[in-house]
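A short worksheet on the structure shown next.
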2 protein chains.
Amino acid sequence: MSEQRPIRAKSGANHEGTSAHNRRVIIDALRVNGALSRADLARATGLTKQAVSNLIETLEGDGLVASEELVRKGRGQPSTPYRLVADGAYSIGLQIDRHISRVIVVDLVGNILARATAKVPPRAPEEGVAVLLDLVAGVRAAFAAGRPDAEARIAGIGVAMPGPFGVEIADDSLWLMQAWQSFPLVERLAAGTGLAVSLQNDAAACATAERMLGAAHGLDHAVCIYVGYGIGAGLILGGELYSGGHGNAGEIGMVLFGEPDELVPLEHRASIASLYALVGIDPADPGQFDRLEALVAAGDRRVADWIGRAARDLRRAVHTAETLFDPQTVILSGGVPGALMPALVAAIEPLLPSLSPTAGRAVPRLRLGMTDPWAVAIGAAADPIRRAFDPSFSAILKRQGE
Amino acid sequence: MSEQRPIRAKSGANHEGTSAHNRRVIIDALRVNGALSRADLARATGLTKQAVSNLIETLEGDGLVASEELVRKGRGQPSTPYRLVADGAYSIGLQIDRHISRVIVVDLVGNILARATAKVPPRAPEEGVAVLLDLVAGVRAAFAAGRPDAEARIAGIGVAMPGPFGVEIADDSLWLMQAWQSFPLVERLAAGTGLAVSLQNDAAACATAERMLGAAHGLDHAVCIYVGYGIGAGLILGGELYSGGHGNAGEIGMVLFGEPDELVPLEHRASIASLYALVGIDPADPGQFDRLEALVAAGDRRVADWIGRAARDLRRAVHTAETLFDPQTVILSGGVPGALMPALVAAIEPLLPSLSPTAGRAVPRLRLGMTDPWAVAIGAAADPIRRAFDPSFSAILKRQGE
DNA sequence: ACGAATAAGTCAAGCAATTTGACTTAATAA
DNA sequence: TTATTAAGTCAAATTGCTTGACTTATTCGT
């Protein structure tokens, strides 16, 4: 008798799932459109007025939405707009990076309530976790002061760090934080904070931030190329963040460009790490951004050279992303403030001709996204909120997390 | 007062949607696993025994599933396995291509019941539609003979033709069927047959076929590179076919490879069109495959050269696809039978190192898929069945087709 | 051979959540 | 002033999953 093969099947659904979905759809609609009346919501979601009323009632009871002043807009009874309550939920974002780690606390609509930074030892995650737990405890106490039920409203901790995860790769001379990537970080942070912890790579976090608050707001198909010490792409496909079969989708920094006999990963030419190496800036230097900005302003030859080479490969990367993903837009984000990123975007233009329609576009083919060094932390913080409140297939299903 | 901006929102869900989803989940489980008892289905889907029993009852009433012989497998009451009924639904697939068009009729489990071919004028879709309607009517009558309620069980017509759609591109010397791509084909076929008609590109159709019956059976993340007169990739992402923001995702044939000063789309070097052009085979020749096979068997120098160049670009294409999509497997399919495609896959190996895990894989990184010239037609026919019976987010929602 | 254990499946009531259709309220337009 | 329009409520109906007890059929252990 043959060995019992596991049965593979997708999860079933039940009423609780549909209700959860409908709640999320309403929250999503309020986030994308601002305040809406129940009648508006009913029309926009396809639900009945009655169903929307019931859902709004529970959401209001949960402190997630609140009504505004009556609005008279023509004939008929005036409508009561509802909007998201910023203090309805909070979320903690944690970016772990090579030279600095950042924590941030945001509310349901993305306001930043507290932030802090620390350094963690890149090769000693065990000690690093202690530092991070202190850091989190600090901001948690700071923002909770004066907010009565703040603790109960924390959706979780979103962690972002450089990927890829679960992969042994030959060291390619960039600093990969291998020790952290094989460490049970999620479990340790969950145990140390009592909160739900989720992990994603920095590019995915950036895409989450762009979708919730930035250049991809309201779009369902977007590729967000994140230029940091490494390069990755966060993928919004069909309205959801796509992470692939093993959690490593979008690692566009590892795509090979250059001559056929000397193929080079994109991030060897276009990452901030490669620029810093070229101009001799130490990424651990707290004044790194000012020094870089001075070089850019001075028209430094090496910076211009780097922009030229980086833009050449990025132009092909954008073309490849457009061709393979057919997104509504490609966003270039990066953790470097100032004039560099706009200059890089300008240097990438004109884009290579692609399938992407040129006429009648609502958004440009390529646009600059966030260049705030805190963008990844913001996106990390957005992740628990997204998980808790955004419509998604898995939210409907009985077995979660598939 | 400002102009009324349309409200954007996702669709809500209701009981009918959950039930529809659960039915699909059960059909999907039976397709992937073969016959299963209701208790097995309950465990695999997370539904209760009772819910599964009710669903099976309606499915059996609809003639979609049927019970088999009791099975004794240890202690406890014997179980009653259920399996899909092949004749529960039929579907028509229509491949429109440059030199030949193919129709096929398949049943719910993928058996081929009828097929036929015709030629349509590549630049005169108006006349072509008449030919196609005749062709469809012919196979429809042929397969329906002797099957009482065949007509009522036809899920629809799936049409596959070369993409991309809705795009004006500068002619790149390959034959692009532009006239057909801007023609209201779906509407005309729907009106002429009274059936639901869906359109996809040939690579997507191939991926659908591979997922339902071939090398991607049961996988939720796969990239299917289809090497035909052009090259495209069908994307199975998160268990669903992904088509992008404008319906043109996966056009990997248009990704540029080669030297930086002479970037060439993949399909200029690796498509069957490029091979035929090189060795002087006319794709309209009915003996095209035999002639090609003879050249391959004879070890023709030009064929070997083509394989070498095509494999070099395809190796990078596979690497790019692995890096961006992080699939469980990459499948290489093509409309050319015989030894060519296996030789091409062999020439692509060894693959470039990528993020894709090498140890503990259930499926290889790259594998050969269907090389039947009918593969695209089969996939086209699989599409209406997929739409009607596969679990998908949109199936749960009130407003369909989003 | 017999009872205990185990597993599949049914029955009937319970329950959650949307839907339906009539009704109420409040505004503008004619 | 009245008709019309639109927002929102009320209460009953309906759909479809869940619950828990029960039945049936088989194997295992003694």
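We name chains A, B, ... by the order of the sequence lines, and we start the count at 1 in each one. All heavy atoms count here, side chains included; hydrogens, waters and symmetry mates do not.
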Inset, instruction - Using salt bridge (Lys or Arg N to Asp or Glu O under 4.0 Å) as the criterion, list what pairs up with A:Arg361, not counting sequence neighbours. - result: none
Legend entry - DNA chain C-proximal residues of residues 43-57 of chain B, any heavy atom under 4.0 Å: B:Arg43, B:Lys49, B:Gln50, B:Ser53
Inset, instruction - Could you give me the CA-CA distance, side-chain angles and deciding distance for B:Arg24 and B:Asp28, then say whether salt bridge (Lys or Arg N to Asp or Glu O under 4.0 Å) is met? - result: CA-CA 6 Å; B:Arg24 286 160 179 256; B:Asp28 184 60; over 6 Å; no
Legend entry - Distance in angstrom units between B:Asn14 CG and D:dC17 P, rounded: 12 Å
Legend entry - Distance test, side-chain N/O of B:Asn22 to OP1/OP2 of D:dC17, below 4.0 Å: yes
Legend entry - Inter-residue atom distance A:Ile26.CD1 - A:Leu41.CG, 0.5 Å rounding: 5.5 Å
Legend entry - Residues that B:Thr80 engages under side-chain contact (heavy atoms from CB on, under 4.5 Å), provided they are two or more places apart: B:Arg38, B:Ser67, B:Leu70, B:Tyr82
Legend entry - A:Gly379 backbone acceptor or donor facing A:Thr208 side chain under 3.5 Å: no
Which atom pairs link the protein and nucleotides 13-15 of chain D when you take only N or O atoms and keep those under 3.5 Å?
unit_1: D:dT15; atom_1: O2; unit_2: B:His15; atom_2: ND1; d: 2.8

Legend entry - Contacts of type side-chain hydrogen bond (donor to acceptor under 3.5 Å, both in side chains), residue B:Asp62, not counting sequence neighbours: none
Legend entry - Along DNA chain C (nearest heavy atom to each residue), the more 5'-positioned of A:Arg23 and B:Gln77: B:Gln77
Legend entry - Residues that B:Asn22 engages under side-chain hydrogen bond (donor to acceptor under 3.5 Å, both in side chains), provided they are two or more places apart: none
Legend entry - Span of DNA chain C in contact with chain A (heavy atoms, under 4.0 Å): C:dA16 to C:dA29
Legend entry - Interface residues of residues 58-70 of chain B with DNA chain D (non-hydrogen, below 4.0 angstrom): none
Inset, instruction - Identify, with sequence neighbours excluded, every residue that meets salt bridge (Lys or Arg N to Asp or Glu O under 4.0 Å) alongside A:Asp326. - result: none
Legend entry - Partners meeting side-chain hydrogen bond (donor to acceptor under 3.5 Å, both in side chains) with A:Arg72 (sequence neighbours left out): none
Inset, instruction - Measure the spacing between CG of B:Leu47 and CG of A:Asn14 and express it to the nearest 0.5 Å. - result: 8.0 Å
Legend entry - Verdict with reasoning, A:Arg140 to A:Glu151, per salt bridge (Lys or Arg N to Asp or Glu O under 4.0 Å): CA-CA 8 Å; A:Arg140 209 168 156 180; A:Glu151 276 294 321; 2.8 Å; yes
Inset, instruction - Could you list all the side chain to side chain donor-acceptor pair (under 3.5 Å) pairs where at least one residue sits in residues 83-92 of chain A, not counting sequence neighbours? - result: A:Glu68-A:Arg83, A:Asp87-A:Tyr90
Inset, instruction - Identify, between A:Gly76 and B:Arg75, the residue whose nearest nucleotide on DNA chain C lies closer to the 5' end. - result: B:Arg75
Inset, instruction - Only counting residues at least two apart or in another chain, list the ones meeting salt bridge (Lys or Arg N to Asp or Glu O under 4.0 Å) with B:Arg75. - result: none
Inset, instruction - Grab the NZ-C1' distance between A:Lys398 and D:dC17 for me, whole Å please. - result: 8 Å
